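Please read all numbers here as calculations on a predicted model, not as lab measurements. One-based numbering, in listed order, for ligands and for the atoms of each.
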Amino acid sequence: RAKGEGPGRSTIFDTSMHTQVRERIELEVALRQALEKDELHVAYQPIVRLETGVPVGAEALVRWDHPERGSIPPMTFIPIAEDAGLITVIGAWVRKEALRQLGVWRSEGTVGDDFYLSINVSPRQLNDPELPLIVSGEMVRYGVPPHCVALEMTESVMVDGSSVTARVLFELRELGVKLLVDDFGTGFSALGYLRRFPVTGVKIDRSFVTGLGVNLEDDEIVRAVVAMSHALGLSVIAEGVETPLQREALHAVGVINGQGWLWGAAVFAPEFSDRWREMVRRTPATAIEPRLYGA
Ligand code: C2E
Ligand code: MG
Ligand code: MG
Ligand code: MG
C-alpha cells in the first residue's frame with residue numbers, strides 16, 4: 001500500500017481485496033466439486049474454410065454451469081484451476097469427453113474422416129511424461145485416428161517448458177496428432193520455437209482479427225504471420241471472426257481457415273451435430289477442394 005494514502009482509502013482497498021480473495025476461494029472450493037457434481041460440460045465450435053464456409057473441424061471448449069451463479073467463463077475459472085492444481089484433472093476430463101464424443105460422431109456418420117477436433121491443453125498437462133501414452137490409449141478406445149485430433153497450447157509451453165514437455169510434444173507429434181499454437185502473436189516471444197518444436201499450425205489471436213479491414217496495421221501483421229507460417233509449412237486458423245468484413249480481409253491476406261461467431265459460437269454436442277449436418281448439406285460440391293496446408 002502506498003504511503004500517504006488516507007485511512008478511508010486503504011479501508012476501501014482492503015475491503016475490495018478481501019472480497020476478491022474470498023470470491024476466489026469460494027470458486028476454488030466449488031470447482032473442486034464441479035466434476036463430481038456434473039457441472040462441467042464441453043461445447044464445440046466449428047472451424048471452417050474462410051472462402052467457402054466448408055466445415056473442417058471443431059474446437060472443444062469447457063463450460064462450467066455453477067449451481068447458483070450460472071455459467072462461469074473459462075477465462076475466470078481456468079486460471080484458478082491452474083493455480084489450484086486442478087487443471088490436470090479437469091483437462092483430462094475435457095480431453096476424454098471430447099474424444100469420446102468424436103468417436104460417437106464418427107461412428108454415427110455425423111462427421112467424416114476429414115473432421116478434426118481441437119482440444120486445449122494447459123502447460124501442466126504437457127509436463128506429464130505419461131500424456132502421449134494416455135492420449136494414444138484414448139484414441140484407440142474411442143476409435144479416433146490421430147489425424148483427427150489437434151492439441152492447442154499457448155506458446156509459453158514451448159518458450160518456458162521443461163525438457164519433459166519437449167519430449168512429450170515430440171512423442172505426441174510422432175503419434176500423428178496436430179499441435180497448434182493458440183493465441184498466436186500475444187506472447188511477445190521470439191519465434192524460433194516454431195522451428196525447434198514439432199508444431200503443425202498457429203491460431204491467430206482474436207485481438208489481431210478484430211481490427212482487420214479497418215486498422216491497416218493489423219492487416220499487415222496478419223499478412224506477415226501468414227507468409228511466415230506458410231513458409232514453415234504451418235496451417236493458419238483465424239479465431240474470433242465475427243463479421244463478413246473480417247472474413248474478406250483474412251481471405252485477402254491468405255488465411256485459409258477460420259472460427260468465430262460469423263459461423264457460430266460453441267454449442268453443446270446435440271446442437272452441434274444438427275448444425276454440422278446443416279453446414280455440410282449447404283456446402284456446394286464445387287467448394288470441396290484439395291486439402292491445403294494441413295489443418
Ligand atoms: P481459446 O482457446 O483461444 O478459445 C477461443 C475463445 O474465443 C473461446 O472462448 C470462444 O468461445 C471465443 N470465441 C470464439 N469465436 C468468437 C467470436 O467470434 N468472438 C468472440 N468475442 N469470441 C469468440 P471461451 O470458450 O470463453 O474460452 C476462453 C479460453 O479459455 C480459451 O481461449 C482457452 O484458452 C481456455 N479454455 C477453454 N476451454 C479449455 C479447456 O478445456 N482447457 C484449457 N486448458 N483451457 C480452456
Ligand atoms: Mg483454443
Ligand atoms: Mg485460441
Ligand atoms: Mg484466444
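- Close approach of ligand 1 to V241 (heavy-atom distance below 4.0 Å) involves ligand atoms 18 (O).
- Nearest to the Mg ion (ligand 2), among the N, O or S atoms that E152 has, is OE1.
- Residues R106 and P145 meet the side-chain proximity criterion, which asks for heavy atoms closer than 4.5 Å.
- Close approach of ligand 1 to D183 is summarised as follows: ligand atoms under 4.0 Å from at least one heavy atom of the residue are 3 (O).
- You'll find the ring centres of W105 and Y142 outside the 6.0 Å limit.
- Residue V42 does not touch ligand 1, judged by heavy-atom distances below 4.0 Å.
- Listed by number with element, the atoms of ligand 1 under 4.0 Å from a non-hydrogen atom of Q45 are 14 (C), 15 (N).
- Ring pair Y116/H147: centre-to-centre distance not below 6.0 Å.
- S118 contributes no side-chain N or O that, together with a main-chain N or O of A58, makes up a donor-acceptor pair within less than 3.5 Å.
- L232 places a side-chain heavy atom less than 4.5 Å from the side chain of M228.
- Of all atoms in ligand 1, listed by their number and element, those nearer than 4.0 Å to a heavy atom of V94 are 41 (O).
- With a 4.0 Å heavy-atom cut-off, ligand 1 is reached by no atom of K203.
- Looking only at atom types and distance, the side chain of T110 has a donor-acceptor partner in the side chain of R277 under 3.5 Å away.
- A distance-only check finds no donor-acceptor pair linking the side chain of N257 to the backbone of R49 [under 3.5 Å].
- Heavy-atom proximity to S122, at under 4.0 Å, picks out these atoms of ligand 1: 44 (N).
- Ligand 1 is approached by E239 to a heavy-atom distance shorter than 4.0 Å.
- Of all the heavy atoms of N120, the ones lying under 4.0 Å from any atom of ligand 1 are found in both the backbone and the side chain.
- Both L99 and L117 are members of a single hydrophobic cluster when ILVMFWY side chains are connected at heavy-atom separations under 4.5 Å.
- For the Mg ion (ligand 2), the nearest N, O or S atom contributed by D182 is named OD2.
- Take the N/O/S atoms of E239: the one nearest the Mg ion (ligand 3) is OE1.
- Nearest-heavy-atom check against atom 4 (O) of ligand 1 across D205, V62, L61 picks out L61.
- At distances below 3.5 Å, at least one donor-acceptor pair connects side-chain atoms of S162 with backbone N or O atoms of T165.
- Closest N/O/S atom of E59 to the Mg ion (ligand 2): OE2.
- Proximity of D182 to ligand 1, defined as any heavy-atom pair under 4.0 Å, is confined to the side chain (atoms from C-beta onward).
- At least one N or O atom of R206 sits closer than 3.5 Å to an N or O atom of ligand 1.
- Put simply, CZ on R69 and OG1 on T76 are 8.5 Å apart, with the number rounded to the nearest 0.5 Å.
- Of the polar atoms of Q125, none of the N or O atoms is found under 3.5 Å from an N or O of ligand 1, judged by distance alone.
- Ligand-side atoms of ligand 1 in range of R63: 11 (O), 24 (P), 25 (O), range being under 4.0 angstrom from any heavy atom.
- Proximity of a side-chain donor or acceptor of E155 to a complementary backbone N or O of G187 within less than 3.5 Å is detected.
- At a cut-off of 2.8 Å, N120 is counted among the residues with an N, O or S atom near the Mg ion (ligand 2).
- More than 12 heavy atoms of other shown residues, nucleotides or ligands fall within 6.0 angstrom of atom CD in Q33.
- For the pair A266 and ligand 1, no heavy-atom separation below 4.0 Å is found.
- A side-chain donor from one of E82 and S122 sits under 3.5 Å from a side-chain acceptor of the other.
- Heavy-atom contacts of P74 reach the following atoms of ligand 1: 24 (P), 25 (O), 26 (O), 27 (O), 30 (O), 37 (C) (cutoff under 4.0 Å).
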